[in-house]
Amino acid sequence: MIKNAQIHFNEMGTPVADDFDDVYFSNDDGLAESHYVFFTQNKIEQRLVNHDQDHFVIAETGFGTGLNFLNTWQQYSNLKTSHTLPRLHFISFEKFPISHSDLRTALAAWPTLAQYAKQLCKQYPIALAGCHRLEFDDGNITLDLWFGDVHDSIPKMSCQSNGIVDAWFLDGFAPSKNPDMWQQSLFDAMANLSRKDATFATFTAAGFVRRGLQQAGFVCQKVKGYGRKREMVTGHLPQTNGYASTPAYYQTTPSTLTNVAIIGGGVASACLAFQLSKRRIKSTLFCQDDALAKGASHNRQGAIYPHLQADCTPQSEFYAHSFLYAKRFYEHIRELGFEFTHQWCGVLLQAVNKSKGAQQQTLVDKGQWPDALIRPLDSSQATEVAGTSLPYGGLFIEQAGWVNPAQLTQAVFNAAQASGCSKAHFNTDIEHLEQSPEGWLLHSQNQVFGPFSEVFVCAGEHSDRFEQTQSIGLQGVRGQVSHVQAGNVSSELKTVLCHKGYFTPALDGLHCMGATFDKDSKSRAVTEQDNITNRAQLDKFYAHTEFAQSLGDITGAKAAVRCCFADHLPMLGQVPEQHDLTSAYKNLRKGKYYGFGESQQPFEGLHIVTGFGARGLCSAPLATEHLVASLCNEPRPFSERIHQAIHPNRFIVRDLIRSNI
Ligand code: SAM
């Protein structure tokens, strides 16, 4: 687990890092110095105005108080009043994130940045290792905060060859105070991530830094330092070095995304439409029902919380970061004026039996997750949090809660629509996909739509109905949630309870209680037997509690099919074709990770976005953002291991490596 920075403020009010015994910025006008050294010497202003892509990427070593970021944001905003600019993407690495309260105190020193600082403080994430994607100014500004040592973070990033970074702010405490950071491996990693002609600027003129950057391929020059400082160093990378973290068999082919179709009307479709609209990419959604969220997204109350294991497995990392992003994403939708019924009331994972208790204890003992994300409670603390007497302790996820999934899906789609980039066709059942030289054609019973440059199939359990998608390995699990009348005690419940199933605080006099798991059925019909099962499951653990005894009758239920894949992760990316992959990457069968043939990509432009199981509310926002960012050749929010873990080629690639096909 990473640690927060230990800091104090010196007599000038400047923050000082105790671990490094160095100031975060200069005592005399740190803002002017940061502006000169990093912004001006990288020529950011001129380059923003004349950029060759629709996003400009700055990467920084050492986020600290965010002064560089805020200054860049302010300069960008000023410039935007008179110029059309690319979106600004700022990546910053931070080993010891400063705490929320220290951040507020430190930034109070800069009244001219106050409006930006306030927004940063609002979104500033908890100290969890990995990439936190923060978005500002309607998506024009993206901040990827990679918490962890830059030496650990860069190798985890997911990128294809030709680089992603346009300019480096090579900050960090003075080399004499922080020798571990200023290593050749850092300079090499910077070159790996750089686009052709990427620049850097650094305040230090230390000879070994300059030589190290030269060795990595940068052309360096000394220039005048800020104020009384004699020298600093700038430079550029004339040639990329071809580095790619993503192997050929997990590539995402960048796309122009000129005309996009989305098939399906659930939460994943709405999130996808929003992530596209943020980039001004137009999409048309096709839904077989008469409204959104009639499939797996149609419960009255769906819990949103991350599924965490004791170890930081790819699954846990995926859910932890997806959850934190989803919270920011949904709050943003509300700020845009699109409301949905919800309560961020926490989710309490109850230790209802010995094995659950042991599992939870292992998670606590391993200490992988910050308390701000998940923390243990004994039964009396659990009772206090829940507002009703509970017989068990458990793990509390305070930031979690529940939402009304149908309203949320509608709100997200309305936000996409309000941007003028998304429209929808309802009662339109797409039965067949045809690939034509002009693009993809969508056939419904009596109409043909298209051609589209891209089609995203987000149709839940129907996603494998097309000839091209039938082999993706989708599994359906039917589930029923029952609605039970609240009693005088159960109405007091203040948090979502998870036992084997889940139980929500009352909404309009009803609790949601569920859910059943039925692997052999794709039926959406409600059954009486499943209501009995849901009640029995609750009674198994809570029969003697006052809240369960106060419950009334079951007055309704909803059933849906959650769809998933064998490894319990969703699938996002281009639809694979087995023969194409097995011939291009046949060397994998022999353990050779080179000498591949060319993949023909027979289904180019056809993407699958499904398999979220019961966790789409938590994971769809960031997973769709990752897919769209990858297609637009932008920095990706997920690490490389997650990129691979959700890639559609994964099952075929694993089978090839094991010589199973
Ligand atoms: N750029 C910052 C700003 O605008 O406020 C100031 C950065 S401060 C001088 C240096 C930062 O680098 C500190 O926050 C420190 O924790 C961070 N740092 C030091 N070594 C690091 C490493 N190996 N990886 C990531 N961050 C590191």
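Index from 1, following the sequence. Note that ligands are numbered from 1 as they come in the structure, with each ligand's atoms numbered from 1 the same way.
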Who are the ring pair (Phe, Tyr, Trp, His ring centres under 6.0 Å) partners of F20, not counting sequence neighbours? F96, F173
With nothing but distance in play, are any N or O atoms of E94 less than 3.5 Å from an N or O of ligand 1? yes
Note the single closest protein heavy atom to atom 3 (C) of ligand 1, along with its residue, its atom name and the distance in Å. F63 O, 3.4 Å
Region of N178 engaging ligand 1 - heavy atom pairs below 4.0 Å: side chain
Which residue supplies the protein heavy atom nearest to atom 9 (C) of ligand 1, what is that atom called, and how far is it? Y24 O, 3.3 Å
Which option, P15, A17, P97, G62, owns the non-hydrogen atom nearest atom 11 (C) of ligand 1? G62
Tell me, please, which residues at least two apart from E634 pass side-chain hydrogen bond (donor to acceptor under 3.5 Å, both in side chains). R87, R279
Counting only heavy atoms closer than 4.0 Å, does ligand 1 sit against the backbone of T65, its side chain, both, or neither? both
Minimum side-chain heavy-atom gap P247-Q644 below 4.5 Å: yes
Answer with yes or no whether the side chains of W344 and E331 bring together a donor and an acceptor at under 3.5 Å. yes
Among G172, G64, G66, A174, closest by heavy atom to atom 10 (C) of ligand 1 is G172
Using only heavy-atom distances, determine whether the side chains of Q75 and N71 contain a donor-acceptor pair under 3.5 Å. yes
Nearest candidate to atom 1 (N) of ligand 1, where distance is taken over non-hydrogen atoms, out of D171, I2, N71: D171
List the closest protein heavy-atom neighbour of atom 24 (N) of ligand 1: residue, atom name, distance to the nearest 0.1 Å. V150 N, 2.9 Å
N-O pairing of R375 and E398 below 4.0 Å: yes
Is it the case that ligand 1 has an N or O less than 3.5 angstrom from some N or O of F173? no
Does F20 approach ligand 1 within less than 4.0 angstrom via side chain, backbone, both or neither, non-hydrogen atoms only? side chain
Any nitrogen or oxygen of M181, main chain or side chain, under 3.5 Å from a nitrogen or oxygen of ligand 1? no
heavy-atom search around atom 23 (N) of ligand 1 in the protein gives D149 OD1, 3.0 Å
Contact (N/O only, under 3.5 Å) between L67 and ligand 1: yes
F218 ring center within less than 6.0 Å of W168 ring center: no
Strictly distance-based, threshold 3.5 Å: is any side-chain N or O of T61 a donor or acceptor partner for the main-chain N or O of D171? yes
Could you check whether Y76 and F56 have their ring centres less than 6.0 Å apart? no
Is the F147-H132 ring centre distance short of 6.0 angstrom? yes
Give yes or no for whether the N/O distance cutoff of 3.5 Å, strictly under, is met between T61 and ligand 1. no
To check your reading of the model: name the closest protein heavy atom to atom 25 (C) of ligand 1, its residue, and the distance in Å. K95 N, 3.2 Å
4.5 Å side-chain heavy-atom contact, T199 and R47: yes
What residue and atom, counting heavy atoms only, is the protein's closest point to atom 4 (O) of ligand 1, and at what distance? N68 N, 2.9 Å
